[in-house]
Engineer: 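First the structure, then my questions, so here it is.
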Amino acid sequence: MNKDEQHMNVNGKDAQLQQYRKQNTGPNNPMTDENGAKVSNDQKTLRAGKRGPLLMQDFHFYKKQSHFSRERIPEKVVHARGFGAYGDFELYESMKDYTVAKFLQEPNMKTPVFVRFSNFIGSKGSKDTAVDIRGFAVKFYTEEGNYDSLALQFPVFILADAMKFADVTHAAKPNPKTDIPQATVAHDHFWDYVVNNPESAHMIMWLMSMRGRPRSWRMMEGYPINTFRFVNEAGKSTFVRFVWKPKLGVHSLLLDEANLIGGVDPDFHRRDLIEAIENGFYPEYELGVQLIDVEDEFKYDFDILDDTKLWPEEEIPLKIIGKLTLNRLVDNNFAEEEQSAFNPANLVPGIEFTNDPVLQGRSFAYRDTELHRHHSANYEDLPVNRPLTEATNNYRDSYLKYPIDTDSVHYHNNSLAGNSPAEISPEQGGYENYPEKVEGHVTREHPSDSFQDYYSQARAFYNSLSMPEKQDLIESFSYHIGSVKDKELRQKNVEMLANVDKEMATMIAENIGVEPPTNSHVEIDKSYPSLSQLNSPHSAMTQKVAVLIGNGFNGEEVQNVLQAFKENGVLFEKIGETLKTVTCSKGNELEIDKSFLTVHPVLYDAIYVVGGNSEKQLMFDQHISDFIKMHYMHMKPIGVAAGGEQYLLNTEENNLDGVIVASENPDFTNQFIAAIAQKRFWDRT
């Protein structure tokens with residue numbers, strides 16, 4: 001039994017998908033039309049004489065071309081650019097005291113999942129590294145049906161009421177007259193929306209921070225943002241929010257890096273996920289829950305139903321209950337990733353909605369979007385969306401009906417079929433809504449006055465950042481608001497940001513050519529260490545190092561360093577002037593993975609400067625110098641082999657912080673691995 005067969009034995013979703021997998025290539029697979037007729041000529045159209053017109057009776061051409069013309073379906077209005085992978089969720093700790101959801105009952109129980117990462121703003125063809133809101137959608141294939149958890153990389157949302165979904169999307173998307181700019185909020189419309197809808201202030205702080213530019217999906221948190229309700233066997237309710245914590249920690253790109261990578265490799269995050277899974281470095285995330293007793297609903301200085309507010313871990317502790325592991329890529333991107341559909345209304349018993357205004361709206365919007373995209377009510381019959389449990393109901397027909405329903409009775413109640421399919425009592429696992437008491441007048445008011453507190457948590461977030469993170473935030477705001485053409489609009493945004501921090505807003509004002517703000521920030525001194533990325537776990541695992549190497553290198557040193565990379569899970573590529581093998585001083589050869597022509601410095605987390613000889617020495621040395629300059633500027637680790645010191649930028653202005661030199665350094669390898677784990681050297685000059 002091979003590895004894939006073993007995996008299918010323990011993963012019910014893989015076993016289900018196997019019946020839908022199809023291979024068209026192979027010596028025993030003749031080409032056929034859609035109706036099964038074998039094709040004798042798939043290269044030339046049928047025509048009236050050698051120089052004559054094409055004939056309409058060429059049914060093979062018609063079928064082939066008409067199918068090709070319909071290969072694409074409408075892309076998602078938002079989160080169009082995405083990629084997905086399969087895996088499993090393993091429960092650490094039973095939650096049966098809080099919920100009857102079966103996949104949260106038994107420790108060590110594994111539930112198959114499909115996860116889709118995505119960008120909010122750009123089209124399907126945009127870049128991965130845009131400053132953007134990112135989706136982290138998880139479909140649990142539980143024994144009680146599918147449970148969909150739709151998260152973002154921030155714990156807060158940009159709006160407090162679903163009525164504004166369309167407005168914020170219109171504001172963020174490209175100008176409808178010019179269709180530019182693509183995949184960025186560095187334009188007038190978005191910042192006009194922000195300043196006129198101040199509840200967006202908190203999320204804007206997160207978006208403009210490093211959190212808006214993750215280094216990798218594998219190093220990105222996921223927050224379903226909404227407030228849900230757990231319900232246990234006794235009918236007791238507990239408010240809950242979920243958090244996905246990456247085992248590698250939360251790490252980001254600098255603004256300059258994100259912009260450069262978007263041009264050099266628009267598929268950077270996709271490629272990163274693929275390479276990690278193919279190399280066995282399976283992405284892992286731990287699931288945490290924050291729980292609030294019903295009687296404590298009004299205990300806090302924020303409304304727990306307000307999605308523009310986070311639940312600080314320091315005030316509402318995070319309980320880690322399980323681990324998500326992504327271990328298999330899709331077989332076909334369109335059939336599985338592009339056709340995947342998520343819906344926050346896909347719930348299982350024990351997990352319920354609250355009166356969270358955004359969640360209430362999401363419960364309608366997601367299904368409605370997929371009905372439009374797929375032009376069919378049958379999209380949940382597609383293999384990637386299909387639950388492990390058999391769907392038995394009285395829904396019928398619509399476009400592309402896949403199952404062949406053989407029942408003559410398809411209504412409820414009935415006597416001709418024994419009133420089946422039958423309802424299931426809650427005691428037997430049927431979904432039962434929590435009997436929350438509801439009363440009051442019909443209104444469009446917010447649930448509480450604290451919804452109008454736009455700046456307190458935004459300021460607490462700013463207070464929580466380290467100095468490098470604050471400097472980065474100011475640079476990001478300056479870049480994006482500085483791209484706004486309307487000077488009055490730039491001024492208004494500076495005035496709004498002064499409510500968060502006057503000093504920050506003043507520095508932004510100076511950078512974008514407007515007057516300093518006249519108002520001042522709210523008097524909030526709170527800060528939360530959990531919000532700073534510098535307090536996140538740091539590891540060298542899966543960091544990517546460029547080994548810059550030519551002929552005549554020290555073979556023993558290089559082999560020791562590369563072996564240390566492998567032992568510590570550090571990925572590396574050997575880069576030379578060409579793809580020819582290079583030879584060390586003792587004559588041993590080393591294969592080259594990439595040439596300087598096909599790579600860019602910004603694609604690597606660190607560099608190991610070996611140097612050496614090359615047929616085009618000046619060009620070779622210039623390439624190495626380019627790598628060093630960019631990595632030094634981006635504060636990344638630099639390892640220098642013995643004999644490579646001539647490439648160093650050694651001046652009185654450069655303190656060489658994070659530059660590890662091998663010469664006369666017996667601990668070079670360990671120091672370099674530690675530097676790779678640290679990732680940035682913020683005190684570098």
Side-chain angles (χ1 to χ4, degrees), residues 129 215 251 253-265 268 271-272 275 540 542-554 557-558 561-562 564-565 570-580 582 590-651 653-663 668-669 671-673 675-682 684-685:
T129 57
R215 157 61 180 86
H251 303 287
L253 300 169
L254 301 180
L255 180 61
D256 186 53
E257 287 179 300
N259 288 337
L260 287 171
I261 292 173
V264 174
D265 184 6
F268 184 72
R271 198 182 313 279
D272 173 86
E275 289 179 351
T542 72
Q543 293 293 100
K544 197 168 186 178
V545 180
V547 180
L548 313 178
I549 193 166
N551 292 303
F553 60 91
N554 183 326
E557 179 197 310
V558 170
V561 172
L562 299 188
F565 285 169
V570 176
L571 303 176
F572 61 90
E573 289 179 340
K574 303 178 292 295
I575 302 172
E577 190 61 40
T578 68
L579 293 178
K580 293 179 182 178
V582 292
L590 194 65
E591 294 288 333
I592 293 296
D593 301 307
K594 300 279 182 69
S595 73
F596 286 113
L597 183 65
T598 59
V599 297
H600 192 281
V602 78
L603 299 176
Y604 298 91
D605 301 299
I607 56 174
Y608 176 33
V609 183
V610 179
N613 304 317
S614 173
E615 293 178 4
K616 299 178 181 178
Q617 193 67 44
L618 287 176
M619 186 175 292
F620 178 79
D621 291 344
Q622 184 60 52
H623 284 309
I624 290 180
S625 295
D626 290 342
F627 267 77
I628 291 176
K629 288 177 182 176
M630 183 159 286
H631 277 252
Y632 200 87
M633 178 178 67
H634 290 155
M635 293 166 280
K636 293 178 178 179
I638 299 173
V640 182
E645 297 91 337
Q646 71 270 21
Y647 296 106
L648 285 181
L649 302 170
N650 197 357
T651 69
E653 289 77 23
N654 299 328
N655 63 11
L656 300 186
D657 191 21
V659 178
I660 315 299
V661 181
S663 182
F668 167 74
T669 301
Q671 290 178 9
F672 190 29
I673 295 294
I676 293 170
Q678 183 171 328
K679 296 179 174 58
R680 306 277 183 189
F681 291 84
W682 302 108
R684 178 178 289 171
T685 59

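Predicted, not measured: the structure shown is a model, and the values here were computed from it.
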Engineer: One pair to check against side-chain contact (heavy atoms from CB on, under 4.5 Å): L590 and F553. What are the steps and the verdict?
Structural biologist: CA-CA 10 Å; L590 194 65; F553 60 91; 4.0 Å; yes
Engineer: Determine whether more than 12 heavy atoms belonging to other residues, nucleotides or ligands lie under 6.0 Å from atom CD of E615.
Structural biologist: no
Engineer: With rounding to the nearest 0.5 Å, note down the distance linking CD1 in I549 to CD1 in I592.
Structural biologist: 6.0 Å
Engineer: Do you know which two heavy atoms are closest between P601 and F627, and how far apart they sit?
Structural biologist: CA-CE2, 3.5 Å
Engineer: How long is the span from the CD1 atom in I575 to the NE2 atom in H623, to the nearest 0.5 Å?
Structural biologist: 11.0 Å
Engineer: Salt bridge check, R215 against E257: does any charged N sit closer than 4.0 Å to a carboxylate O?
Structural biologist: no
Engineer: Taking it one step at a time, do V570 and I673 satisfy side-chain contact (heavy atoms from CB on, under 4.5 Å)?
Structural biologist: CA-CA 8 Å; V570 176; I673 295 294; 4.3 Å; yes
Engineer: Are Q543 and L571 side-chain neighbours, meaning at least one heavy-atom pair lies under 4.5 Å?
Structural biologist: no
Engineer: If you round to the nearest 0.5 Å, how far is NZ of K574 from CG of L562?
Structural biologist: 6.5 Å
Engineer: So, for A641 and E557, which heavy atoms are closest and what is the spacing to 0.1 Å?
Structural biologist: CB-OE2, 3.0 Å
Engineer: Check whether any side-chain N or O of R684 sits under 3.5 Å from a backbone N or O of D657 as a donor-acceptor pair, and report yes or no.
Structural biologist: yes
Engineer: Between M635 and L254, is any pair of side-chain heavy atoms under 4.5 Å apart?
Structural biologist: yes
Engineer: Using every non-hydrogen atom in the two residues, find where A642 and A662 come nearest and quote the distance to one decimal.
Structural biologist: N-CB, 3.6 Å
Engineer: With a sphere of 6.0 Å drawn around CE of M619, does it hold more than 12 non-hydrogen atoms of other residues, nucleotides or ligands?
Structural biologist: no
Engineer: Rounded to the nearest 0.5 Å, what separates atom OG1 in T129 from atom CG in D272?
Structural biologist: 12.0 Å
Engineer: Look at the rings of F668 and Y608 and say which category their plane angle falls in: under 30° parallel, 30 to 60° tilted, over 60° perpendicular.
Structural biologist: tilted
Engineer: Mind listing the closest non-hydrogen atom pair of S663 and E645 along with its distance?
Structural biologist: CB-OE2, 2.8 Å
Engineer: Return the minimal non-hydrogen interatomic distance between G552 and N613, and the atom names on each side.
Structural biologist: CA-ND2, 4.4 Å
Engineer: Apply side-chain contact (heavy atoms from CB on, under 4.5 Å) to the pair K629 and M633, showing each step before the final yes or no.
Structural biologist: CA-CA 6 Å; K629 288 177 182 176; M633 178 178 67; over 6 Å; no
Engineer: Within this structure, what is the CD1-CZ distance for the pair I261 and F268, rounded to the nearest 0.5 Å?
Structural biologist: 4.0 Å
Engineer: Rounded to the nearest 0.5 Å, how far does CD1 of I638 lie from CG of L648?
Structural biologist: 8.0 Å
Engineer: For residues Y632 and N654, determine if any side-chain heavy atom of one lies less than 4.5 Å from a side-chain heavy atom of the other.
Structural biologist: yes
Engineer: Does any part of the side chain of F672, heavy atoms only, come nearer than 4.5 Å to the side chain of V640, both counted from C-beta?
Structural biologist: no
Engineer: Return yes if a side-chain donor-acceptor contact under 3.5 Å exists between E573 and Y604, otherwise no.
Structural biologist: yes
Engineer: Under 3.5 Å, is there a donor-acceptor pair between the side chain of R271 and the main chain of D265?
Structural biologist: no
Engineer: Should E653 and T685 be marked as a side-chain contact (heavy atoms from CB on, under 4.5 Å) after you check the CA-CA gap, both sets of side-chain angles, and the distance that decides it?
Structural biologist: CA-CA 6 Å; E653 289 77 23; T685 59; over 6 Å; no
Engineer: How are the rings of F565 and F572 set relative to one another: parallel (under 30°), tilted (30 to 60°) or perpendicular (over 60°)?
Structural biologist: tilted
Engineer: In terms of side-chain geometry, is the basic nitrogen of K679 or D605 positioned less than 4.0 Å from the acidic oxygen of its partner?
Structural biologist: no
Engineer: Please name the pair of heavy atoms, one in A677 and one in A540, separated by the smallest distance, quoted to 0.1 Å.
Structural biologist: CB-N, 3.5 Å
Engineer: Any side-chain heavy-atom pair from H600 and M630 closer than 4.5 angstrom?
Structural biologist: yes
Engineer: If you measure from the Lys or Arg side-chain nitrogens to the Asp or Glu carboxylate oxygens, is any gap between K594 and E577 under 4.0 Å?
Structural biologist: no
